[in-house]
**Student:** 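Starting off with a structure, shown below.
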Number of protein chains: 2
Amino acid sequence: MTTILDVARAAGLSTATVSRALREPEKVTEKTRAKVFKAVEAVNYRPNMLARNLRTDKSFTLLVLVPGIANPFFANVTAGIEATAWKRGYSVLLGDTRDSPEREEHYARLVETRLADGVIQLSPDYAPAESRRQAPYPVVHACGCELTEAPSVRIDNVGAMHEVVAHLIARGHRRIAAISGPQANAHAIDRLKGYRQALEAAGIAFDPGLVLHGSFRMQSGFEAAREILAMSPRPTAIVSINDEMAIGAIQALAAQGVSVPSDIAVTGFDDIDFAAHSTPALTTVRQPAAEMGAKACELLIDWIEDKARDEAVHILPHTLVVRESSG
Amino acid sequence: MTTILDVARAAGLSTATVSRALREPEKVTEKTRAKVFKAVEAVNYRPNMLARNLRTDKSFTLLVLVPGIANPFFANVTAGIEATAWKRGYSVLLGDTRDSPEREEHYARLVETRLADGVIQLSPDYAPAESRRQAPYPVVHACGCELTEAPSVRIDNVGAMHEVVAHLIARGHRRIAAISGPQANAHAIDRLKGYRQALEAAGIAFDPGLVLHGSFRMQSGFEAAREILAMSPRPTAIVSINDEMAIGAIQALAAQGVSVPSDIAVTGFDDIDFAAHSTPALTTVRQPAAEMGAKACELLIDWIEDKARDEAVHILPHTLVVRESSG
DNA sequence: CTGTTAGCGCCTTCAT
DNA sequence: ATGAAGGCGCTAACAG
């Protein structure tokens, strides 16, 4: 293995000068720089980052904590993070928590061992505020909820779901079922809040019996739709808290010969790629996934490098995308 | 920051003993071990991995090169990799190449700087065989093609597509269009080969005019389907090389009032989650995505740790999953 | 079984 | 502008 010493010898210089030529080229003569570069080529030198990392006590690595990388929305956020990290010279460590506390604990440990300079968290309920404030390393949330503290990025989940429901009400719907997520899920809570607000604004009484709790997965949307079909009177619209469950619901409806949107309208949330290409195309809320990841990544790297923590909650714009499924 | 020296002092031992107690507990007295653990707790010690990595010249990190993490199939392979890496004490660095040579080059550089102990490549045409053989670090392919060398994991792409086409032929189809991928894509080449073989076996002449080249994305499947509808005589079936393009095609067909499968049958490839929940549900080939990732990860770690390179190409079983879209 | 000691490769004062 | 030298925190011989 060739080291910086090999380069120094080949160039007839000291290791200190080689190091400078490589990291702060302006602090070195033009001629010296050329000699160094030539020597680097000659001995095919690659700096040993393990050594550099130890010496500088930085890993230039970001840990991304994802509840599930197979979820297209999170995959897109992650892609945005990776793109930005790449631009700024950082690498991305992938931590798939699978909503397991054990795994989160493990990955938290990883940062404490200096393997990452900071964390981007995609799950809003990862850590209670108290423990987060005490985290000995920078943490930024990319998909926050109402309670998520700065520095963080999110959309207005409450307002977005409010718009969705208002859209359905404007279409004449008054009995609107909701497919929510796990009871304690922060995004589910926010979006359900928007659902209730919209009903209230329209003078429609909230009926807890119309709210079902799924798991964010297609299958649970499928099952929820069957339950909804059994309700009487039968709802004329279903809002789902994410696109996957909406797609599962549409399938269940189609299987029962219930036509969407003419019999029942369905809406999703996220605007993953498949939403635009489902049959019928899904009305949903577009979250700027990649931008959310990118912004969170910027905030984190700024924090790491400037030592200055951004104290803002960045609320990115969402869009109600009306397609066929809402009539 | 607390170091191993702090622990040693708190325990009244040498740093060497502390190191042993932590890494090779069996080489140390029960009593010593207890003292060390207590001291670790007392000073809240976390080993500095940057130092350990330098000293041992290992990073316990694997670089995963993905053509696009937003692609659900690759996301699932990655999830399989992460799960196995976690079990064996490794971390996963995510490298999204976006099919860009510049990015691949960059990430290759990363491994040469010791930031990763090896690479798992998900794109079969990443590097020509020649350069791979010379790679100074372990590389394992998780989604190989016919030409991919060992150590690697793949399915029988040729045989799988052969089955798909044979299935359609058995249903009475003789004019079968294909939505392929980019001309040079290795998976596209393999699968197209299976398509031709199946036609040949049935005595159906291969018609290059029936083969369209997409980009693996839904939109390109959508566009391809429109072209297919304009063909005369019109094909009675469409095989797509992946599920996304098949879903895009189904949407285009539905938009034109063409019914699937009664007017035209459609098949996909991969069996991503959405395939089972599309309308109509998609006939496709199930690739064991997570298992492929897991196996590749095992091979890579074995190689890294044993210094013994597995010389086999592991061909995992696929399954033809017949659903509604093929009639 | 435990302690002493010598680096891993690099960066960074401190001199010159 | 360049060089000499020390040390980041840890592990691995080598002694005892």
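All chains are named by letter (A, B, ...) in the order of the sequence lines, taking the proteins before the strands, and each is independently numbered beginning at 1. The model shown is predicted, which means the values in this text are computed figures rather than measured ones.
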**Student:** Tell me the interatomic distance from B:M1, atom CE, to D:dC8, atom P, rounded to whole angstroms.
**Tutor:**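 To the nearest whole Å, that distance equals 10 Å.
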**Student:** For B:R109, is there an ion pair with B:E105 - N to carboxylate O distance below 4.0 angstrom?
**Tutor:**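 Judged by the 4.0 Å cut-off on N to carboxylate O distance, B:E105 and B:R109 do form a salt bridge.
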**Student:** Rounded to whole angstrom units, what separation is found between the CG atom of A:L54 and the P atom of D:dG6?
**Tutor:**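 Going from CG in A:L54 over to P in D:dG6 covers 18 Å.
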**Student:** Is a donor on one side and an acceptor on the other found under 3.5 Å between the side chain of B:D6 and the backbone of B:T3?
**Tutor:**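 At least one qualifying donor-acceptor pair exists.
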**Student:** Mind calculating the distance between CZ (B:F60) and P (D:dC10) to the nearest angstrom?
**Tutor:**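 Between P of D:dC10 and CZ of B:F60: 15 Å.
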**Student:** Students often get this wrong, so: under 4.0 angstrom with heavy atoms, is A:N48 touching a base, only sugar-phosphate, or nothing?
**Tutor:** sugar-phosphate
**Student:** Given C:dG9, C:dC10, D:dG9, which nucleotide is nearest the side-chain atoms of A:Y45?
**Tutor:** C:dC10
**Student:** Heavy atoms only, 4.0 Å cut-off, all strands: where does B:M49 land among base, sugar-phosphate and nothing?
**Tutor:**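 The answer is nothing, as B:M49 stays clear of every strand by at least 4.0 Å.
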**Student:** Charged N to carboxylate O below 4.0 Å: is that the case for A:R114 and A:D57?
**Tutor:** yes
**Student:** Nearest-nucleotide wise, let me know which of A:T3 and B:E26 is further upstream toward the 5' end of DNA chain C.
**Tutor:** B:E26
**Student:** Using atom CD of B:E30 as one end and atom P of C:dC1 as the other, report the distance to the nearest whole Å.
**Tutor:** 12 Å
**Student:** Without decimals, in angstroms, what is the distance between B:N53 CG and D:dC8 C1'?
**Tutor:** 14 Å
**Student:** Roughly, in whole Å, what's the span from CZ in B:R46 to P in D:dC8?
**Tutor:**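 These atoms are roughly 21 Å apart.
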**Student:** Using whole Å, what does the distance between atom C1' of nucleotide D:dC8 and atom CG of B:L5 come to?
**Tutor:** 13 Å
**Student:** Rounded to the nearest angstrom, tell me the gap between atom CZ in B:R52 and atom C1' in D:dA12.
**Tutor:** 13 Å
**Student:** Considering only nitrogen or oxygen atoms on both sides, find all protein atoms under 3.5 Å from nucleotides 12-14 of chain C and state each distance.
**Tutor:**
unit_1: C:dT12; atom_1: O4'; unit_2: A:R55; atom_2: NH2; d: 3.3

**Student:** From the options C:dC10, C:dC1, D:dT11, select the nucleotide whose nearest atom is closest to the side chain of A:P47.
**Tutor:**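 Among C:dC10, C:dC1, D:dT11, the one nearest the side chain of A:P47 is C:dC10.
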**Student:** For residues 22-39 of chain B, run the donor-acceptor check on the side chains, cut-off 3.5 Å, and write out each pair with its distance to 0.1 Å, sequence neighbours left out.
**Tutor:**
unit_1: B:R33; atom_1: NE; unit_2: B:P25; atom_2: O; d: 3.2
unit_1: B:R33; atom_1: NH2; unit_2: B:V28; atom_2: O; d: 3.3

**Student:** Please classify the nucleic acid contact of B:L13 as base, sugar-phosphate, or nothing, using heavy-atom distances under 4.0 Å.
**Tutor:**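 Sugar-phosphate: the residue B:L13, judged by heavy atoms under 4.0 Å, touches backbone atoms but no base.
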**Student:** Evaluate the criterion salt bridge (charged side-chain N to carboxylate O under 4.0 Å, His left out) for residue pair B:R98 and A:E82; output intermediate values, then yes/no.
**Tutor:** CA-CA 11 Å; B:R98 289 174 175 68; A:E82 198 266 357; 2.9 Å; yes
**Student:** Does A:T113 use its side chain to pair, donor to acceptor, with the backbone of B:P47 at less than 3.5 Å?
**Tutor:**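 Looks like no, no N/O pair under 3.5 Å.
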**Student:** Quick one: pull up SG in A:C145 and CG in A:N185 and give me the separation to the nearest 0.5 Å.
**Tutor:**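 CG of A:N185 is found 8.5 Å from SG of A:C145.
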